[in-house]
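Notes for the one structure printed next.
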Amino acid sequence: MNRFNTPSLVEAADTAPFFHNNSVTTLEESVAYYSSDAFNSSPGAFTSSKANRQGKLDSSQVIAVALFLRSINVLENIRSSNLLDKKAMEQNGEPSLKSLKLAIADTQDAVEVLQQAVINPYPEALEKLQQALNLETMAGNRFHPGRIGLLRQAIVLKEQARNLMVSGG
């Protein structure tokens with residue numbers, strides 16, 4: 001059977017370039033494809049029972065779906081990064097560099113996913129995530145005093161970013 005192994009929707013924004021042949025570079029283009037004549041006239045537009053799955057999204061709907069996918073990705077990155085920052089802080093007063101590096105990677109991913117949006121309705125959240133990333137990066141310096149304080153500040157900033165996204169602010 002012709003089946004696809006689709007990525008998790010939570011991480012869909014992380015999988016660019018898209019499709020099996022890497023033919024689409026943005027999430028918005030990927031979403032738009034499923035409204036195209038090429039898709040709607042393909043066997044993929046129908047279920048195995050021949051039920052029609054054709055759809056048409058206008059450009060604002062395409063952007064809205066892509067934004068939803070970006071948002072759930074960023075929210076998961078924030079959740080994971082904060083857990084890793086907290087784990088890093090639990091290491092007898094000296095942050096674990098392994099956990100901190102993973103936290104930094106998740107925060108960096110959140111920043112990149114928002115930066116790649118065609119329209120980003122969360123500029124304040126993006127700014128807070130960038131500030132948190134800077135603090136985490138400084139905390140990664142073994143010789144920086146107050147590394148635990150930097151991580152606490154980063155967690156607060158990421159929670160503020162999350163709250164801005166969830167509340168629509």
Side-chain angles (χ1 to χ4, degrees), residues 1-86 100-137 154-169:
M1 279 198 216
N2 294 329
R3 300 268 183 206
F4 290 99
N5 182 10
T6 58
S8 162
L9 282 181
V10 172
E11 296 184 5
D14 290 333
T15 61
F18 299 95
F19 299 123
H20 68 283
N21 60 358
N22 300 330
S23 61
V24 176
T25 58
T26 71
L27 188 57
E28 290 77 7
E29 289 174 308
S30 177
V31 172
Y33 171 76
Y34 292 100
S35 289
S36 71
D37 291 338
F39 176 76
N40 284 325
S41 62
S42 75
F46 302 91
T47 66
S48 58
S49 65
K50 304 295 183 207
N52 187 335
R53 294 190 305 189
Q54 294 179 340
K56 283 288 184 187
L57 298 175
D58 65 34
S59 60
S60 66
Q61 292 169 319
V62 166
I63 290 172
V65 170
L67 177 61
F68 169 75
L69 294 172
R70 288 184 192 288
S71 296
I72 62 174
N73 183 278
V74 169
L75 294 172
E76 172 56 19
N77 286 136
I78 290 170
R79 184 203 63 78
S80 175
S81 178
N82 281 346
L83 282 177
L84 289 162
D85 277 342
K86 289 172 186 174
L100 182 53
K101 285 181 183 180
L102 292 171
I104 289 170
D106 274 343
T107 305
Q108 178 66 47
D109 185 55
V111 167
E112 289 173 1
V113 166
L114 283 181
Q115 285 176 333
Q116 293 165 358
V118 170
I119 296 172
N120 177 11
Y122 310 121
E124 290 178 54
L126 176 58
E127 185 177 322
K128 288 185 182 298
L129 289 170
Q130 289 169 320
Q131 291 170 0
L133 180 60
N134 289 337
L135 292 172
E136 287 173 327
T137 303
I155 290 170
V156 168
L157 285 166
K158 289 182 283 179
E159 283 300 314
Q160 290 172 352
R162 184 189 87 62
N163 291 340
L164 285 166
M165 291 178 68
V166 171
S167 70

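Every heavy atom of this structure was used, including side-chain atoms; hydrogens, water molecules and symmetry mates were not.
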- Item | Side-chain touch Leu75/Val166, heavy atoms, less than 4.5 angstrom | yes
To check you understand the geometry: which heavy-atom pair defines the closest contact between [X] and [Y], and what is its length?
X: Ala103; Y: Ser81; value: O-OG, 3.1 Å
X: Val24; Y: Ser30; value: CG1-N, 3.4 Å
X: Ser36; Y: Tyr33; value: OG-O, 2.6 Å
X: Leu67; Y: Pro121; value: CD2-CG, 3.4 Å
X: Leu129; Y: Ala110; value: CD1-CB, 4.1 Å
X: Lys56; Y: Ser35; value: NZ-O, 2.9 Å

Residue set satisfying ring pair (Phe, Tyr, Trp, His ring centres under 6.0 Å) with Phe68, at least two apart, ordered chain then number -> none
Flag for Glu112-Gln108: side-chain donor and acceptor within less than 3.5 Å:
yes
To the nearest 0.5 angstrom, please state how far the [atom1] atom of [X] sits from the [atom2] atom of [Y].
X: Ile78; Y: Leu83; atom1: CD1; atom2: CG; value: 12.0 Å
X: Leu102; Y: Asp85; atom1: CG; atom2: CG; value: 10.5 Å
X: Ile72; Y: Asn77; atom1: CD1; atom2: CG; value: 11.0 Å

Residue set satisfying side-chain hydrogen bond (donor to acceptor under 3.5 Å, both in side chains) with Glu29, at least two apart, ordered chain then number -> Thr25, Thr26
In Thr107, Val113, Val111, the residue satisfying side chain to side chain contact (heavy atoms under 4.5 Å, CB included) with Val74 is Val113
With [X], which residues qualify under side chain to side chain contact (heavy atoms under 4.5 Å, CB included), at least two apart?
X: Ser23; result: Phe19, Asn21
X: Val65; result: Val31, Leu57, Leu69
X: Asn120; result: Leu114, Ala117, Tyr122, Leu126
X: Asp58; result: Ser60, Gln61

Note to self: The test is side chain to side chain contact (heavy atoms under 4.5 Å, CB included); show your working for Leu100 and Leu84 and say whether it passes.
What the structure shows: CA-CA 6 Å; Leu100 182 53; Leu84 289 162; over 6 Å; no
How would you list, by chain and number, every residue that makes a salt bridge (charged side-chain N to carboxylate O under 4.0 Å, His left out) with [X], sequence neighbours excluded?
X: Glu28; value: Arg70
X: Glu159; value: Arg162
X: Asp106; value: none

| message | For the backbone of Asn163 and the side chain of Ser167, can you confirm whether one donor and one acceptor N or O come within less than 3.5 Å of each other? | response | yes
Determine whether Lys158 and Glu136 satisfy the following criterion, side chain to side chain contact (heavy atoms under 4.5 Å, CB included), listing intermediate values before the conclusion. CA-CA 11 Å; Lys158 289 182 283 179; Glu136 287 173 327; 2.7 Å; yes
